[in-house]
Amino acid sequence: MLPTDKWICLAPQLLLLLLKFAITEEGDEQSAVFNNIGNVPHHYQAVTDAAGRAELIQLLSAQKEISFDTETTGIDSQNTELVGISFSIKTHEGWYIPIPEQREEALKILNEFQPVYENENIVKIGQNFKYDMNVLALYGIEVKGKLFDTMVAHYLIQPEMRHNMNVLAETYLGYSPVSIETLIGKKGKDQGSMRDVALEEITEYAAEDADVTLQLKEKFIPMLEETATTQLLNEVELPLIPVLSAMEREGICLDIQTLKEFSKLLEGDILNIDKEIQTLAGTPFNISSPKQVGDILFEVLKIAEKPKKTKTGQYATGEDILSKLSGKHPIVDKILDYREIVKLKSTYVDALPLMVNARTGRIHTTFNQVVAVTGRLSSDNPNLQNIPIRTSRGREVRKAFVPRDEKHILLSADYSQIELRIMAHLCQDPGLLEAFQNNLDIHTATASKVFGVALEEVSGEMRRKAKMVNFGIIYGISAFGLSERLNIPRKEAATIIENYFIQYPLIKDYMDSAIEKARKQGYVETILGRKRYLRDINSQNHTVRGFAERNAINAPIQGSAADMIKVAMINLHKVIQDKKFKSRMILQVHDELVLMYPLEEKKTK
DNA sequence: TCAATCACG
DNA sequence: ACGTACGTGATTGAC
């Protein structure tokens with residue numbers, strides 16, 4: 001690596017070029033060289049003997065707050081090994097403690113640090129704290145005391161930005177930490193292991209992470225005040241971290257045998273449908289290729305007058321398009337069927353069993369707290385927030401999620417119409433409030449009002465339409481969008497929307513005021529003050545501005561629902577802990593919580 | 001790597 | 001006269 005003083009001798013053009021590279025790729029080697037913390041005086045120290053550790057532990061134990069980080073062999077916090085731990089208590093200083101590969105020896109050293117991690121009086125600062133919590137739990141350590149997470153804090157300050165440490169360090173501290181690629185190479189099969197990195201190098205890397213984390217925390221405290229998100233952080237997002245950690249560690253059991261059998265069944269179905277489709281098409285093609293499906297439907301069979309195209313000029317063959325062409329040719333329904341089955345098989349039936357953790361025998365998702373700009377959680381590896389439910393084949397997949405044993409039961413509890421209720425709260429529309437207060441089916445009540453018939457006279461068709469309007473309202477409705485989804489003329493959709501706003505006049509007012517608010521202050525916010533910044537709200541471009549306007553309407557609703565369930569999760573977790581229940585929260589699906597409880601706790605609830 | 005599709009709320 | 005419903009993640013084919 002080149003020291004900085006050699007860089008400034010370079011021709012300005014070259015420097016500019018290098019700078020350009022440095023900022024296009026986050027955390028790459030160029031940016032690591034440019035403005036590295038290595039050019040700042042610092043003191044990072046490896047602690048490798050018992051005496052050194054004892055001294056460090058004594059020092060850490062006397063602190064009000066410490067930042068820490070863990071180095072591991074992998075990125076899956078449920079299936080990884082500790083390579084080392086690092087701490088910082090002062091800017092530009094830090095310690096790194098290697099952890100041996102041999103588990104007994106590793107446990108011995110971690111036991112030494114246990115009193116630090118579990119000290120209730122020390123504030124712990126981390127970046128992506130949940131990961132470290134999960135890893136340390138693998139070694140029997142429950143991190144306790146007040147915590148601070150720079151990643152989660154930044155999520156409230158700038159929800160739409162990325163929140164990884166390299167970005168944060170570059171943006172707020174003006175330097176690029178050593179990138180992990182410098183140590184173990186680029187992601188891929190040739191990537192090395194953190195285990196094999198020389199002590200000197202990993203010390204710089206790990207201690208720097210703890211150091212940077214501590215510095216970021218100091219930066220973020222006033223920024224949280226400026227954005228009025230301190231309370232949301234302290235009372236919702238941070239307390240949620242141990243809850244999510246516990247849920248991830250708990251995992252969920254999967255009935256692999258059932259899925260294996262289902263897979264075989266689907267396999268057969270796929271072969272049959274494939275054959276039927278090829279025959280109907282008259283020429284062989286790959287049904288999994290949307291491009292080829294489009295060509296068959298619209299070039300060979302010509303089943304539509306003017307087929308819709310995607311933005312790249314390819315024929316659009318999505319479910320919405322094909323279902324409208326259902327009657328035109330028998331092949332259409334077959335393709336839809338084929339797509340459903342292949343989706344289920346590849347994404348769920350075959351994929352999930354491979355993700356069962358060898359140690360626990362269960363599936364462990366990761367709940368991401370800083371991805372969704374509205375404040376929702378997301379779930380990945382695997383995503384357990386999109387397990388099928390809408391079709392009967394899909395529900396078979398869902399059935400494979402089972403309690404631990406016959407003495408346990410899975411319980412799912414969900415909010416009913418939470419987003420519409422929040423809309424009712426935000427706009428205080430009397431009609432909408434009354435419908436909820438009378439505990440009416442909200443879509444039927446809406447149909448009754450919009451179509452001007454008695455509640456008892458509402459037909460299935462009317463309810464279906466009203467339901468679509470209610471959903472559309474939350475998303476920032478347009479006549480075009482509604483007409484597309486109801487497959488009715490735009491004029492008719494417009495009339496329905498007009499009637500809707502006559503019946504619920506304050507909803508219209510809410511939508512207008514949300515947009516107005518966004519224009520004036522540049523952001524909208526949820527009930528708990530979570531912001532969404534909408535820089536495009538005054539754009540000259542209709543499409544771009546339209547997006548921002550719909551976001552202004554939707555974000556406070558979707559986001560407030562997210563706030564609410566997060567608070568509920570924290571409270572529920574506390575009750576379970578305080579009363580020492582064995583019930584466990586397992587999943588969150590936006591408006592739903594899945595718990596597993598032992599039979600014996602059924603009556604105490 | 002991106003676009004298209006589709007699973008969920 | 002525009003293009004259009006909000007938020008996610010995984011898989012596949014095509015380049």
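For the numbers below, each heavy atom of this structure counts, side chains included, while hydrogens, waters and symmetry mates do not.
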Nucleic acid contacts of residues 249-261 of chain A, taken as heavy-atom distances under 4.0 Å to DNA chain B: none
Residues touching DNA chain B, which here means a heavy atom under 4.0 Å, drawn from residues 267-279 of chain A: none
Identify whether any heavy atom of [X] sits under 4.0 Å from a base atom; if not, whether one sits that close to sugar-phosphate; answer base, sugar-phosphate or nothing.
X	answer
M355(A)	nothing
E592(A)	nothing
I474(A)	nothing
A561(A)	nothing
I389(A)	sugar-phosphate

Return yes if the base of [N] and the side-chain atoms of [X] contain a donor-acceptor N/O pair under 3.5 Å, otherwise no.
X	N	answer
R485(A)	dT4(C)	no
Q558(A)	dC6(C)	yes
S378(A)	dT8(C)	no

Of all heavy-atom pairs between K186(A) and Q191(A), which one has the smallest distance, and what is that distance? O-CB, 3.4 Å
Taking a pair as Watson-Crick (N1 to N3 plus N6-O4 or O6-N4) or G-U wobble (N1-O2 and O6-N3), both under 3.5 Å, which stems of 3 or more consecutive pairs involve DNA chain C? B:1-9 with C:6-14
Heavy-atom contacts under 4.0 Å between residues 548-555 of chain A and DNA chain C, which residues? R550(A), N551(A), N554(A)
Under a 4.0 Å heavy-atom cut-off, which of residues 507-542 of chain A touch DNA chain C? R532(A), H542(A)
For the P atoms, the ones on dT4(C) and on dA3(B), what distance do you get once it is rounded to whole angstrom? 15 Å
Short N/O separations, protein against nucleotides 10-12 of chain C, under 3.5 angstrom:
{"residue": "dA10(C)", "atom": "OP1", "partner": "N381(A)", "partner atom": "N", "Å": "2.9"}

Side chain of E340(A): nearest nucleotide among dA7(B), dT8(C), dT5(B)? dA7(B)
Take atom CZ of R376(A) and atom P of dC6(C), then tell me their distance rounded to the nearest Å. 13 Å
